[in-house]
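Here the structure comes first, spelled out in structure tokens, and everything after it is commentary.
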Amino acid sequence: MSQSASQAAIFYRDVASSGKVWTIKDSGGFPAPKNGDGIRAMPFWSSKSRAEIIIKTVKAYEGFEPVEIDLNTFYNYWLKVLKTHKQLIGLNWSGKKAVGYDIPPENLIDWIDKIRTS
């Protein structure tokens with residue numbers, strides 16, 4: 001399993017258990033850099049500590065703060081806004097360049113629908 005696949009699996013497991021996701025923010029707002037295909041991706045992590053590691057290790061995110069989002073708010077607001085803006089979701093980005101899987105919001109909407117009905 002690749003590092004990105006492993007981080008994505010951890011994201012799903014942790015979020016299903018905690019009911020929370022984390023992102024980061026500074027005075028300019030929330031980051032949504034363009035990926036290699038030129039599409040914006042907003043990063044989310046499955047724990048505060050994962051978000052804090054990125055803040056500490058990635059120069060571009062120096063000075064950011066972790067932001068907790070409960071799963072209902074993530075589902076009802078964030079995913080719908082990101083879908084409307086045709087942005088992707090970055091799952092548990094890691095490493096010195098903060099990289100990982102970028103997926104469409106629809107994938108997480110479907111996943112949340114499944115865990116809510118199981």
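Here the structure is a predicted model, which means the values were calculated and not measured.
For Lys83 against Ile109, the heavy-atom pair with the smallest separation is CD-CD1, 4.4 Å. Heavy atoms only, all atoms of each residue included: Ser94 and Ile54 are closest at CA-CD1, 3.8 Å. Considering all non-hydrogen atoms of both residues, Pro43 and Pro31 come closest at CD-O, 3.4 Å. Between Thr57 and Gly95, the shortest heavy-atom contact is OG1-O, 4.3 Å.
Residues Trp78 and Ile89 have side chains not in contact (no heavy-atom distance under 4.5 Å, counting atoms from C-beta outward). Gln87 has its side chain out of reach of Asp102: every pair of non-hydrogen atoms, C-beta onward, lies at least 4.5 Å apart.
Checked by atom type and distance alone, the side chain of Thr73 never pairs as donor or acceptor with a backbone atom of Ile69 at under 3.5 Å. No side-chain donor-acceptor contact under 3.5 Å links Arg50 to the backbone of Asn92. In this structure, the side chain of Asp37 does not engage the main chain of Ile39 through any donor-acceptor pair within 3.5 Å.
In the hydrophobic clustering of this structure, Leu108 groups with Leu82; members are Ile, Leu, Val, Met, Phe, Trp, Tyr whose side-chain heavy atoms approach within less than 4.5 Å, directly or through other members. Under a hydrophobic-cluster definition in which Ile, Leu, Val, Met, Phe, Trp and Tyr are linked whenever side-chain heavy atoms come within less than 4.5 Å, directly or via other members, Ile103 and Ile115 are assigned to the same cluster. Linking ILVMFWY residues whenever their side-chain heavy atoms come closer than 4.5 Å, directly or via other members, leaves Met42 and Trp45 in distinct clusters. Hydrophobic clustering keeps Val58 apart from Phe30 (ILVMFWY residues linked when any side-chain heavy atoms are closer than 4.5 Å, directly or through intermediates). When hydrophobic clusters are built by joining Ile, Leu, Val, Met, Phe, Trp and Tyr residues whose side-chain heavy atoms come closer than 4.5 Å, directly or via intermediates, Ile24 is not grouped with Val67.
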Exercise. Would you sort out whether Val15 and Ile112 count as a side chain to side chain contact (heavy atoms under 4.5 Å, CB included), showing the intermediate values?
Key: CA-CA 10 Å; Val15 171; Ile112 293 168; over 6 Å; no
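Glu65 contributes atom CD, which lies 8.5 Å from atom CD of Glu52 (distance to the nearest 0.5 angstrom).
Among residues at least two apart or in separate chains, side-chain hydrogen bond (donor to acceptor under 3.5 Å, both in side chains) pairs with a member in residues 9-29 are Asp14-Ser46.
When Trp93, Phe74, Phe11, Tyr101 are each tested for a ring pair (Phe, Tyr, Trp, His ring centres under 6.0 Å) with Phe44, only one passes: Phe74.
Atom OH of Tyr77 sits in a sparse spot, with 12 or fewer heavy atoms from other residues, nucleotides or ligands closer than 6.0 Å.
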